[in-house]
Amino acid sequence: MTVKKAFIFDLDGVIVDTAKYHFLAWKKIADQLGINFTHEHNELLKGVSRIRSLDIILELGEVKATQEDKEKWLIQKNEDYLLCLVDMDQSEILPGVLPILHYLKTINQPIALGSASKNARPILEKTGILSYFDAIVDGNDVTNAKPDPEVFLIAAQKLNSTPENSVVFEDSIAGIQAANIGKIISVGIGEEKTLHEAKYVFKDFTHIDTHFIDILIHKKI
Ligand code: BG6
Ligand code: MG
């Protein structure tokens, strides 16, 4: 029997470099409100839902807001973010990602997306990689945001897998925690000092080769 693992990819910061666009759109709102919002603060927002991200920024600046204000800023943030995506194409896929997606397809390993974003589908379409994914679970499908493991557990289930037989690629602290809480093998994509809770950490996908994928396929958590 062929050994299978469910390979679950986060989107923002793992497949595409959209983290910088999220930052720019939030920074504009923070500036409007006179809140000092840095790249370091932005780490706290990675993997976190849109609404929770706004709350974190408001907490940083100790700004109290009405529900109406919050709704206005959430709309503005998403409009500004979407403007950054207008010209997006395959060139925005992060280095090394395509060869790994291709390898997984070639060896018949199931692939899912597990993202907090409600904009995930159009991004996969624009970058031309939608067809690699056997299942997509995004911000429209979950009630509990990362670090709750819900998004990854649904993804594993959609691929007919168990958490123990799944792997998550994540660039965010919240996402690594979600994978760990869900008892899924966590692979951090980014800086070791930020993602030290992950079982493995690589700077980016150019550091992940097919041999490592083969190891993951046969690995027990
Ligand atoms: C996550 C990002 O993937 O999606 C967060 O890391 C973002 O920064 C979240 O806030 C929600 O995304 P969206 O596209 O629904 O605003
Ligand atoms: Mg991410």
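Both counts, for ligands and for their atoms, begin at 1 and track the order of listing.
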- Note on the structure: Interatomic distance, CG@Asp17 vs CE@Met88, rounded to 0.5 Å, equals 8.5 Å
- Taken to the nearest 0.5 Å, the spacing of Leu159 CG from Phe133 CZ works out to 10.5 Å
- Item | Pair Asp69 + Lys64, salt bridge at N-O below 4.0 Å | no
- Query: If you measure from CD on Glu79 to SG on Cys84, what distance do you get to the nearest 0.5 Å?
  - Reply: 12.5 Å
- Set of ring pair (Phe, Tyr, Trp, His ring centres under 6.0 Å) partners for Phe7, sequence neighbours left out: none
- Item | Under-4.0 Å heavy-atom contact with ligand 1, by part of His22 that carries it | side chain
- More than 12 foreign heavy atoms under 6.0 Å from NZ of Lys118: is that the case here? no
- Item | Gly139 near ligand 1 by a heavy-atom separation under 4.0 Å | no
- Would you say Gln157 has more than 12 foreign heavy atoms packed within less than 6.0 Å of its CD? no
- Gly47 near ligand 1, heavy-atom distance under 4.0 Å? yes
- Item | Six-ring centre of Tyr103, Lys105 cation under 6.0 angstrom, axis tolerance 45° | no
- Identify whether the distance between the nearest side-chain nitrogen and carboxylate oxygen of Glu191 and Lys203 falls below 4.0 Å. yes
- Item | Closest protein heavy atom (residue, atom, distance) for atom 15 (O) of ligand 1 | Lys118 N, 2.7 Å
- Item | Atoms in ligand 1 flagged as close to Ser53, the criterion being non-hydrogen separation under 4.0 Å | 10 (O)
- Can you list, by chain and residue number, the protein N, O or S atoms under 2.8 Å from the Mg ion (ligand 2)? Asp10 OD2, Asp12 O, Asp171 OD1
- Which residue holds the protein heavy atom closest to atom 8 (O) of ligand 1, what is that atom called, and what is the gap in Å? Leu45 O, 3.5 Å
- Using the ring of each side chain (for Trp, its six-membered ring), is Phe169 parallel, tilted or perpendicular to Phe9, with breaks at 30° and 60°? tilted
- Task: May I ask you to identify the nearest protein heavy atom to atom 12 (O) of ligand 1, giving residue, atom name and distance to one decimal place in Å?
- Result: Ser117 CA, 3.3 Å
- Message: With respect to Asp10, determine whether any N or O atom, backbone or side chain, lies less than 3.5 Å from an N or O atom of ligand 1.
- Response: no
- Has ligand 1 got any nitrogen or oxygen that is less than 3.5 angstrom from a nitrogen or oxygen of Asp12? yes
- Task: Please indicate whether Glu68 has more than 12 foreign heavy atoms, meaning atoms of other residues, nucleotides or ligands, lying under 6.0 Å from its CD.
- Result: no
- Query: Are more than 12 heavy atoms from other residues, nucleotides or ligands located less than 6.0 Å from atom CD1 of Ile51?
  - Reply: no
- Query: Between Lys46 and ligand 1, does any nitrogen or oxygen pair lie at a separation below 3.5 Å?
  - Reply: no
- Task: Report yes if some N/O of Trp26 lies less than 3.5 Å from some N/O of ligand 1; otherwise report no.
- Result: no
- the protein heavy atom lying closest to atom 16 (O) of ligand 1 turns out to be Arg50 NE, 2.7 Å
- Query: What is the nearest protein non-hydrogen atom to atom 5 (C) of ligand 1, stated with its residue, atom name and distance?
  - Reply: Val48 O, 3.4 Å
